[in-house]
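Just so we're on the same page: letters track the sequence lines, and every chain starts at 1. As a basis for the values below, the full set of heavy atoms in this structure was taken, side chains included, without hydrogen atoms, waters or symmetry mates.
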Amino acid sequence: MDKPFAITLDPGSSLANLTGSWRTLRPEYVDRLPPCNAACPAGENIQGWLFHAESGNYEKAWRSLVENNPMPAIMGRVCYHPCEGACNREQVDSAVGINSVERFLGDEANKHGWQFAPAAPPTGRRVLVVGSGPAGLSAAYHLTRMGHQAVIYEAGPLAGGMLRFGIPKYRLPREVLDAEIKRLTDFGVEIQLQTKVTNVLEAMKDGFDAVFLGVGAHIAKRAYIPAGDACKVLDAVAVLRDMEGESAPLLGRKVVVYGGGNTALDVARTAKRLGAEEAIIVYRRTREKMPAHHFEVEEALQEGISIKWLTTIKEAGMSEDGGDIMVEKMALDDKGFPQPTGEFERIEANSVVLALGQDADLSLLDNVPGLVVNKGMIEIDAGMMTGHPGVFAGGDMAGNERTVTVAVGHGKLAARAIDSWLRGETWVPPPRHELATFERMNPWYYSDAPKTMRPVLDIIRRQSTFDEVLGGLDETNALFEARRCMSCGNCFECDNCYGVCPDNAVIKLGPGKRFKFNLDYCKGCGICATECPCGAIKMVPEGN
Amino acid sequence: MLKQMEGSRAVAEAVALCRPEVICAYPISPQTHIVEALGEMVKDGSLTNSEFINVESEFAAMSVAIGASAAGARSYTATASQGLLYMVEAVYNASGLGLPIVMTVANRAIGAPINIWNDHSDALSQRDSGWLQLFAETNQEALDLHIQAFRLAEELSLPIMVCMDGFILTHAYERVDMPTQEQVDAYLPPYSPRQVLDPAEPVSIGAMVGPEAFMEVRYLAHAKQMEALTLIPAYAAEFKAVFGRDSGGLLHTYSTEDAETIIIAMGSVLGTIKDVIDEMRQGDNGGHKIGVLGITCFRPFPLAGVAAALQHCKRFVVLEKSLAIGIGGIVATNVRMAVTGMGLKGYTVIAGLGGRAITKKSLHAVFRKAEMDNIDPVTFLDLDWKVVNNQLEREKAHRKSGPVAEALLRDVGVVAARNY
Amino acid sequence: MSFQPVKFYQTGTFTVGNRLLPPEERSVQSSDKRFNSINSGHRACQGCGEALGARYAIDAAMEATNGQVIAANATGCLEVFSTPYPETSWQIPWIHSLFGNTAAVATGIAAALKVKGQTQTRVVAQGGDGGTTDIGFGCLSGMFERNDDVLYICYDNGGYMNTGVQRSSATPSAARTSTTPAVGSAPGNVFGQGKFLPAIALAHDIPYVATATVADLRDLEAKVRRAMEIRGARYIHILVPCPLGWGTAAHDTIRMARLAKETGTFPVFEAEYGEIKSVLAIRHPLPVEDYLKPQKRYAHLFGKQPKVDVIAHLQAQADRNIKRYGLLEQGTR
Ligand SMILES: Cc1cc2nc3c(=O)[nH]c(=O)nc-3n(C[C@H](O)[C@H](O)[C@H](O)COP(=O)(O)OP(=O)(O)OC[C@H]3O[C@@H](n4cnc5c(N)ncnc54)[C@H](O)[C@@H]3O)c2cc1C
Ligand SMILES: Cc1ncc(C[n+]2csc(CCOP(=O)(O)OP(=O)(O)O)c2C)c(N)n1
Ligand code: SF4
Ligand code: SF4
Ligand SMILES: [Mg+2]
């Protein structure tokens with residue numbers, strides 16, 4: 001075409017005009033730390049695995065999940081899911097059912113027999129792991145992944161620690177536990193049962209380069225209660241441990257449980273299932289102060305457990321008829337501490353189960369130099385190492401927060417630190433990303449979708465059997481639930497930045513590859529950052 | 001084929017022979033019969049491949065033509081007077097974008113006071129719009145000029161106004177020689193646009209051009225028009241070869257070989273003037289050395305041609321149907337530019353405004369006086385001085401502004417009375 | 001409904017893209033092969049809603065016609081920032097003639113295409129609110145009335161922005177512009193004036209009339225797509241916030257459009273042959289203050305003594321829209 005001068009122009013020629021020079025602020029893609037991830041004691045990349053679950057790629061989701069936690073089917077049942085408490089979606093409608101999706105993925109893996117990806121080539125280094133509770137299993141798993149040989153010495157007859165000998169079946173069916181432990185042993189984790197370690201340094205002489213201790217806390221704390229013969233006084237850990245034995249413990253028709261933690265609830269609920277007409281929890285303080293989780297208290301109440309708050313046990317089985325206990329009413333003082341009132345009451349009881357917490361048995365460490373024990377707990381550094389080089393510890397024995405998830409997280413961290421230590425390095429935790437707070441997001445974009453409720457077992461069966469109380473999600477609602485995730489702080493390829501840029505200055509790199517800015521043309525308006533639903537774009541001042 | 005028909009009809013048929021693809025119509029006298037005729041031809045199927053669009057204004061008419069032309073369609077419209085003024089912004093735009101639209105202007109006075117009769121004020125108001133302007137002397141020429149105009153416009157990528165006197169030509173029944181379709185097709189190739197809106201080869205037409213290139217754009221438009229000065233005679237010659245008649249060209253002389261006085265004019269009045277000249281040269285009181293220069297192409301203005309035509313005369317009289325209020329003639333000013341330095345006496349005769357009849361009698365009188373250099377530099381033919389002076393007197397008495405207007409008129413006379 | 005709502009896909013169709021949707025259900029803008037009808041390097045202000053709206057609309061038209069679009073453009077920001085010599089941002093055949101004649105130019109193009117039998121090529125005319133509701137209104141109405149095969153798109157930023165933010169007949173009540181300054185007893189633009197062109201377009205009974213905003217991309221694209229399925233005169237009026245004229249942050253452009261819609265200030269609907277067919281319902285109803293406050297052109301309403309009466313008046317206007325168009329009820333009529 002013989003174009004007239006100046007008034008007619010060649011298409012798209014404005015590319016010659018680099019409007020990037022106008023910019024004072026520059027957009028940058030960031031990966032912010034989703035609050036769920038930040039809250040997960042096991043350090044799961046929740047948003048990361050939900051991302052795959054959202055597209056229905058459950059295997060990939062599971063694989064992503066098990067990079068941090070090898071036991072999703074277990075976690076999906078017993079974890080108290082602090083992630084959900086932190087979930088940003090709570091501020092839109094209700095938190096994402098992370099835990100239920102996790103369980104779904106774990107169950108899918110068990111159903112389909114998915115195995116872990118092959119471990120790194122063997123390093124030739126051997127690490128002793130003491131205890132096959134979640135801390136030990138997790139440490140052994142991660143060490144194995146890194147190519148080290150991990151051998152677990154377990155005192156008990158079966159692996160799992162409190163997962164097996166504490167948490168009741170109706171919350172964690174044993175097939176689930178067995179399946180996930182089996183996957184670990186198939187993977188190469190070696191477990192030597194009935195092998196109690198009495199002297200760590202001695203045990204390490206079996207050719208180990210380092211040791212991870214995860215012995216838990218099994219010694220029941222006791223309170224002095226004068227007791228007569230007519231009323232048995234038992235401890236909760238023992239009762240629950242006996243549940244895994246040949247015959248169920250005999251608790252009688254009327255059972256009183258003393259304590260306010262989850263263990264107390266589990267014992268009371270177990271007693272109910274064992275046929276107790278009455279299971280009563282006696283707790284010193286108020287409901288608000290109870291360390292047990294709200295939902296557990298709720299479930300227990302539904303099952304007919306009664307709870308006496310602001311009450312202490314003075315004596316058991318001391319009266320003439322014997323089958324009762326004496327309790328005293330308490331009242332909170334100004335500071336919120338319970339104080340005796342001098343008001344007493346008798347309650348019928350065939351047994352009293354003490355659920356007052358546990359102490360760790362640290363006798364195996366008696367002769368280890370450099371160790372520091374504080375209030376019954378072993379002191380460790382940021383890399384989970386005790387005062388004795390090469391001796392690491394985690395789980396219930398090393399922390400105030402005693403949960404499965406914390407134990408799994410400890411195991412992971414310890415494995416990383418051990419790996420560094422074996423290479424003569426000191427492990428430093430990687431820097432944490434900035435938190436993806438709700439304010440940094442643009443929640444308008446998310447479809448309205450309330451949380452999916454998990455099916456719950458009917459009440460009769462909950463009171464008489466050890467069948468699992470909470471059901472799982474099916475494919476459809478797991479997918480739905482996964483898709484409720486807002487991918488806080490992490491690009492989920494919604495194409496908003498690519499679409500909303502008035503200057504076409506965002507380059508789409510293709511599925512899974514996210515985007516990049518074309519700074520030749522980006523004028524720095526910041527629409528992309530404002531319209532990014534998940535807050536994965538940050539505007540930073542342009543340097544000169 | 002010889003036919004007796006109305007001028008408007010003749011033009012419509014000629015335009016139809018040019019195979020216009022888009023025709024925009026909006027009524028205004030005295031142009032209306034042309035688009036009416038075209039509309040009928042499209043509707044009855046005698047003119048095919050043509051979109052006839054009843055627009056809502058002349059501004060839209062020209063704008064539709066702009067769009068159509070830019071999309072590669074041969075586009076045509078017609079207007080006059082108020083209509084031409086109403087579309088002015090688009091008129092300039094069409095030429096600025098170099099779109100070869102052909103438009104008939106059925107010349108008519110501009111209001112206020114509103115007046116439907118003929119003069120040249122409308123077209124001449126657009127003399128600097130970048131359009132070529134051709135003035136027809138007869139209906140035959142009007143018809144012929146349209147055929148040439150499409151060829152010329154499309155070759156130059158510039159729009160052309162073909163001007164014909166309203167009523168005098170548009171509504172006159174005359175005999176015309178209507179060419180055949182074959183003849184027109186042989187002369188006028190299909191429109192091959194210089195630039196076109198086409199998804200296959202996208203361009204942006206109508207950029208904003210700043211000081212860095214605007215002068216050049218304007219100069220190029222000027223240069224394009226200058227090219228027309230050679231192209232127009234060449235196309236007229238070719239036209240003669242195909243159609244067998246002289247038509248078009250830049251200008252025409254009549255009896256000028258020995259003329260001492262040359263009358264210059266445009267349009268249909270040339271016929272009357274030629275009659276008067278004939279009478280002055282022959283007959284009882286003959287022997288006047290007087291001739292005529294008819295200007296067919298007013299834009300581009302054939303400066304050299306005019307100078308050459310006036311080379312041997314002593315004086316010229318521009319008789320024009322337009323008034324540049326505040327100075328005098330429009331055509332005259334252009335002619336004076338052509339004869340700069342030639343030492344000629346020049347007079348402007350403003351005549352026929354708003355359809356005032358230009359009689360042979362009056363022409364005889366004014367030409368004879370002019371031969372004796374006995375007219376005002378700017379003369380108003382057949383002005384009713386009694387009415388004018390009465391009014392001026394009245395205004396002088398009642399309005400403070402009176403003397404200003406009078407002074408202005410006087411100034412016009414004085415200032416313009418200079419020799420070139 | 002102008003588009004099919006999808007099942008729950010995280011962000012559904014609210015975001016530009018959605019990797020969970022089958023490719024054929026994704027937006028034009030989400031494609032890495034989209035046309036970018038208006039290229040990078042244009043000189044629109046940072047965060048210009050008009051630049052964005054134009055790309056959304058024209059890309060959608062290009063997609064719907066397989067790249068067969070010719071555009072006529074009115075004078076205004078869009079024209080000035082896209083085609084200053086020696087560069088143009090347009091990648092499609094495009095013409096700018098004048099401020100007030102765009103609809104007519106488009107008619108001419110459509111006529112040329114028709115006569116040449118190139119009916120696969122479609123014509124889009126586009127202009128600002130000034131070029132549409134004021135100076136170009138005559139040509140626009142003529143084009144409507146003749147039912148010419150043209151889609152006219154008005155990018156409404158509520159004023160003559162290119163000439164420095166003067167009032168147009170689309171400037172909302174109470175808004176400050178250079179010609180309706182925030183002074184005197186009734187600061188800003190007068191109440192009781194102005195026109196809502198989509199309603200006037202409806203009155204022409206043309207085949208298709210719709211409104212849209214840059215905040216609802218999928219809706220906008222669906223409307224352009226629908227418009228391209230129809231022959232004859234079509235009109236889409238798109239609200240495009242202007243950071244300069246509105247006094248809003250460059251990054252808030254889409255947010256402002258969203259607020260305009262969610263408060264009911266700007267009704268989003270679709271009509272065929274003069275009958276309203278569907279509305280885009282308000283998702284989370286909000287008071288007009290939420291929309292007004294971030295805009296400096298309404299700053300005079302929120303001084304030390306907020307002009308509660310004026311705000312109430314504006315709220316009443318929004319409420320009337322909500323009622324008139326049924327903006328709280330999603331769906332087809
Ligand atoms: C009744 C109950 C219910 C609970 N419910 C939940 C719950 O729902 N969710 C939750 O997150 N947490 C729950 N917890 C807490 C959770 O079980 C523990 O925090 C977690 O199991 C601690 O893991 P660990 O690996 O540190 O120790 P453990 O699980 O206690 O495992 C320690 C293992 O080490 C072995 N061991 C000990 N000493 C030696 C030795 N010398 N040599 C060899 N092996 C040894 C033990 O036999 C045991 O197998 C519950 C606890 C109880 C008691
Ligand atoms: C006939 C005419 N009058 C006035 C102008 C000056 N002018 C150019 S753009 C413009 C404002 C355009 O406003 P609008 O159409 O709303 O588009 P915006 O710039 O706001 O996008 C004006 C008044 C002009 N170019 N032509
Ligand atoms: S919405 Fe998703 S990423 Fe955000 S906190 Fe909840 S689970 Fe984590
Ligand atoms: S003034 Fe407004 S409409 Fe014009 S370019 Fe700037 S932001 Fe866009
Ligand atoms: Mg505007």
Side-chain angles (χ1 to χ4, degrees), chain A residues 6-19 22-23 25 54-56 442 444-449 479-480 482-487 492-505 507-512 518 520-531 533 539, chain C residues 6-20 26-27 29-32 34 36 38-56 82-94 214-215 217 243 249-255 258 262 283-284:
Chain A
I7 53 169
T8 300
L9 305 173
D10 281 327
S13 44
S14 64
L15 284 182
N17 183 36
L18 303 184
T19 52
W22 303 13
R23 201 171 51 237
L25 291 174
E54 283 150 25
S55 52
N442 190 336
W444 189 87
Y445 286 103
Y446 298 98
S447 306
D448 309 282
L479 187 66
F480 177 88
R483 286 175 174 184
R484 293 183 64 242
C485 171
M486 307 194 293
S487 194
F492 60 117
E493 296 183 33
C494 73
D495 294 329
N496 255 17
C497 52
Y498 178 65
V500 302
C501 175
D503 293 285
N504 319 350
I507 300 165
K508 183 168 172 166
L509 299 174
N518 185 345
D520 281 349
Y521 301 107
C522 164
K523 293 173 187 161
C525 70
I527 297 185
C528 55
T530 302
E531 299 307 322
M539 298 303 292
Chain C
V6 289
K7 278 180 270 151
F8 180 71
Y9 290 132
Q10 197 164 27
T11 54
T13 44
F14 295 126
T15 42
V16 169
N18 189 331
R19 66 193 175 95
L20 304 174
R26 296 188 194 173
S27 72
Q29 284 305 309
S30 71
S31 164
D32 54 356
R34 75 178 185 215
N36 283 338
I38 172 165
N39 215 350
S40 300
H42 62 69
R43 291 153 202 256
C45 301
Q46 292 161 322
C48 173
E50 190 162 89
L52 187 59
R55 196 190 69 226
Y56 282 0
S82 66
T83 53
Y85 166 81
E87 295 141 8
T88 174
S89 302
W90 294 98
Q91 315 232 53
I92 59 166
W94 178 95
V214 285
L217 170 70
H251 59 81
D252 270 345
T253 296
I254 291 183
R255 187 177 149 239
R258 180 178 306 129
E262 295 285 82
R283 261 183 96 202
H284 306 302

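With sequence neighbours left out, the salt bridge (Lys or Arg N to Asp or Glu O under 4.0 Å) criterion links C:D32 to no other residue. Scored by the side chain to side chain donor-acceptor pair (under 3.5 Å) test, A:R483 finds no partners at all (sequence neighbours excluded).
Closest heavy-atom contact between C:G47 and A:C525: N-CB, 3.2 Å. Looking at every heavy atom in both residues, C:R283 comes nearest to A:Y446 through NH2-O, 2.8 Å. The heavy-atom pair separating A:S14 from C:S89 by the smallest distance is OG-OG, 2.9 Å. Taking both residues in full, the closest heavy atoms of C:G12 and A:S447 are given as N-OG, 3.3 Å, listed atom of the first, atom of the second, then distance.
Between the OG atom of C:S31 and the NZ atom of A:K508 there is a distance of 6.5 Å, given to the nearest 0.5 Å. Between A:I7 atom CD1 and C:T83 atom OG1 the span is 11.5 Å, to the nearest 0.5 Å. For the atom pair A:T8 OG1 and C:Y85 OH, the distance stands at 12.0 Å (nearest 0.5 Å). For the atom pair CZ of A:F492 and CG of C:N18, the computed distance is 8.0 Å after rounding to the nearest 0.5 Å. A distance of 10.5 Å separates CD in C:Q29 from SG in A:C501, rounded to the nearest 0.5 Å.
For the pair A:D495/C:T15, no side-chain contact is recorded, criterion being any heavy-atom separation below 4.5 Å from C-beta on. A heavy-atom distance below 4.5 Å is found between the side chains of C:Y56 and A:V500. Looking at heavy atoms from C-beta onward, C:E87 lies out of side-chain contact with A:L9 at the 4.5 angstrom threshold. For the pair A:K523/C:H42, a side-chain contact is recorded, criterion being any heavy-atom separation below 4.5 Å from C-beta on. No side-chain heavy atom of C:R255 sits under 4.5 Å from any side-chain heavy atom of A:N442. Counting heavy atoms from C-beta on, the side chains of A:I527 and C:I254 come closer than 4.5 Å.
Ranked by non-hydrogen atom pairs under 4.5 Å with chain C, the options A:G12, A:A529, A:G526, A:A505 are led by A:G12. Considering only heavy-atom pairs separated by less than 4.5 Å from chain C, the leading option among A:D448, A:L18, A:D520 is A:D448. Contact count against chain A (heavy-atom pairs under 4.5 Å) is highest for C:N36 among C:L217, C:D252, C:N36. Counting heavy-atom pairs under 4.5 Å between each of A:P533, A:C494, A:P11, A:C528 and chain C puts A:C494 at the top. Note on C:R55, C:Q91, C:R258: by heavy-atom pairs under 4.5 Å with chain A, the leading option is C:R258.
With a 4.5 angstrom heavy-atom cutoff, C:I38 touches chain A only via backbone atoms. Of the two parts of C:R26, neither the backbone nor the side chain holds a non-hydrogen atom closer than 4.5 Å to a non-hydrogen atom of chain A. Looking at A:D10, only its backbone comes within 4.5 Å of chain C, counting heavy atoms on both sides. Both the backbone and the side chain of A:E54 come within less than 4.5 Å of a heavy atom of chain C.
Between the A:T530 side chain and the C:H251 main chain, a donor and an acceptor come within less than 3.5 Å of each other. Side-chain atoms of C:S40 never come within 3.5 Å of backbone atoms of A:L15 as a donor-acceptor pair (strictly under, hydrogens ignored). Using modelled atom types, no side-chain atom of C:T88 and backbone atom of A:S13 make a donor-acceptor pair closer than 3.5 Å.
The side-chain tip of C:R19 does not point at the ring of A:Y498 from less than 6.0 angstrom away and within 45° of straight on.
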